[in-house]
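Each remark here refers to the structure printed beneath this line.
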Amino acid sequence: MIDWDDIRYFLAVARGGSVRAAAGRLGVNHATVLRRIAQLEERLGAQMFEKLPSGYRLTAAGEEVLELANQMEASSHELETRVFGRDQSVRGLLRVTLAPPLATHLLMPDFADFARLHPDIEMEIVSSGELANLTNREADVAIRVVYDRKTLPLNGLKGPELFGGVYMSRDRLAAWRAGALDPIPWIVISMHGIPDWASEGEVRTTEVPFRITDAEAQIVAVRQGLGITTLPCFVGDADPLLARVPGTDLHMYGTLWLLTQGETRKTKRVRLFTEFVSHRLAAYAPLLAGLSISRD
């Protein structure tokens, strides 16, 4: 019989195009991937991949196996979610995925409250900018900002709308109000730049940006008075060292949703968690919408 684990390794190489990519995705070393592929090829009596300078390419036999392997994977996930959906205990693993700012600057105290209420639930918070695949059971619940309701293929609870604004340090703002005329740079995350909706308002800016690579460094940079930047209102308004840039407007990023998939949503621990966090998000609605403070 074919080992399902061998099929998982085969799919990882087929999708990643290399042994290195597959090893990274599966969290194993290079040699393990090669051994699993060799084991599958020996069982099937056919070569699955052709090794090229650009990576691994499926052979004709590999293409045939790929179609069946995808079907096996789908059946495996369906089996897992159905069994998981029948589990009505309030113990076991609960994996939650969300963007890092939502975890770090908003919901971690609520996750702690939930963990104290349900100590037998093992919580795993996947705080990442990458979208976890709920269908493949990479997470049980996803908290996401959704821009278009038509793109929602999953089940979910709708949360509040999320807005962002333009912020600078209070010290830099005080200097500007005292008559400092030096132009101030934009602080931008390299891959994003200045969004189309943002404007510098009444503060004069330079054409030379201050570039960084991650959201936490962005917040520290604006606190240090290095420039102005865009932030979610729940981050900028809650920070005592920051203030909105005079003359700028808010912008709606999207709507927060708590998403689940298939049979997973029927488990008691998933239902308890989504209902708990949904109530907490509702209480945060003014902060998320930028209505919790008066404008400076």
Side-chain angles (χ1 to χ4, degrees), residues 12 15-18 20-27 30 55 95-109 111 124-133 138-139 142-147 151 162-173 175-176 182-201 203-245 248-257 287-288 290:
R15 290 165 179 169
S18 71
R20 181 184 297 275
R25 180 178 180 82
L26 295 170
H30 189 275
R95 289 167 295 185
V96 181
T97 178
L98 72 168
L102 285 170
T104 305
H105 296 278
L106 187 71
L107 289 173
M108 197 58 72
F111 295 160
E124 180 180 327
I125 305 301
V126 184
S127 177
S128 169
E130 297 184 6
L131 295 181
N133 190 321
E138 293 177 359
I143 303 173
R144 291 181 186 163
V145 181
V146 176
Y147 310 96
T151 64
L162 176 62
F163 284 75
V166 184
Y167 294 87
M168 64 192 299
S169 75
R170 289 189 178 274
D171 288 345
R172 194 78 186 251
L173 177 60
W176 174 78
D182 293 340
I184 185 169
W186 276 95
I187 301 169
V188 298
I189 295 181
S190 300
M191 58 183 167
H192 296 307
I194 304 170
D196 294 337
W197 60 267
S199 66
E200 63 270 25
V203 177
R204 190 161 63 96
T205 59
T206 70
E207 295 182 359
V208 180
F210 185 91
R211 296 190 182 277
I212 52 172
T213 58
D214 66 89
E216 286 306 305
Q218 174 192 19
I219 295 168
V220 174
V222 73
R223 284 176 183 157
Q224 292 297 317
L226 290 171
I228 67 175
T229 197
T230 58
L231 292 170
C233 291
F234 72 85
V235 176
D237 290 347
D239 194 315
L241 300 180
L242 303 183
R244 294 186 198 167
V245 175
T248 58
D249 295 320
L250 299 183
H251 172 75
M252 189 175 120
Y253 288 146
T255 304
L256 284 173
W257 281 78
L287 176 63
L288 294 166

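We use all heavy atoms of the structure for the numbers below, so side chains are in, but hydrogens, waters and symmetry mates are not.
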statement: To the nearest 0.5 Å, atom CE of M108 lies from atom CG of L98 at 7.5 Å
- request: Could you pull out the closest heavy-atom pair between S169 and V222, with the gap in Å?
  value: CB-O, 3.2 Å
Any donor-acceptor pair under 3.5 Å from Q218 side chain to T230 backbone: yes
task: Indicate yes or no for a side-chain donor-acceptor contact from R170 to the backbone of L242 under 3.5 Å, with no hydrogens or angles considered.
output: yes
message: Less than 4.5 Å apart, side chain to side chain, heavy atoms only: is that true for L162 and F234?
response: yes
task: Begin from the C-alpha positions of T248 and V203 and carry the test side chain to side chain contact (heavy atoms under 4.5 Å, CB included) through to its verdict.
output: CA-CA 9 Å; T248 58; V203 177; over 6 Å; no
message: Ignoring hydrogens, what is the shortest heavy-atom contact between L173 and R244? Give both atom names and the distance.
response: CD2-O, 4.4 Å
task: Could you grab the distance from atom CG of L241 to atom CD of Q224, nearest 0.5 Å is fine?
output: 9.0 Å
field: Minimal non-hydrogen separation, C233 against G165, with atom names
entry: SG-N, 4.1 Å
- prompt: Are side-chain heavy atoms of L107 and I125 found at a separation under 4.5 Å?
  reply: no
task: Provide the closest heavy-atom pair for H30 versus A23 in the form atom of the first, atom of the second, distance.
output: N-CB, 4.2 Å
message: Under the side chain to side chain contact (heavy atoms under 4.5 Å, CB included) test against L231, which residue among I219, D237, D239 passes?
response: I219
task: To the nearest 0.5 Å, tell me how far I228 CD1 sits from W186 CH2.
output: 4.0 Å
message: Would you say that P185 contacts T206 through its side chain, given a criterion of any heavy-atom pair below 4.5 Å between the two side chains?
response: yes
statement: Between the CD1 atom in I187 and the CD1 atom in I194, the distance rounded to the nearest 0.5 Å is 11.0 Å
field: Minimum side-chain heavy-atom gap W197-D249 below 4.5 Å
entry: no
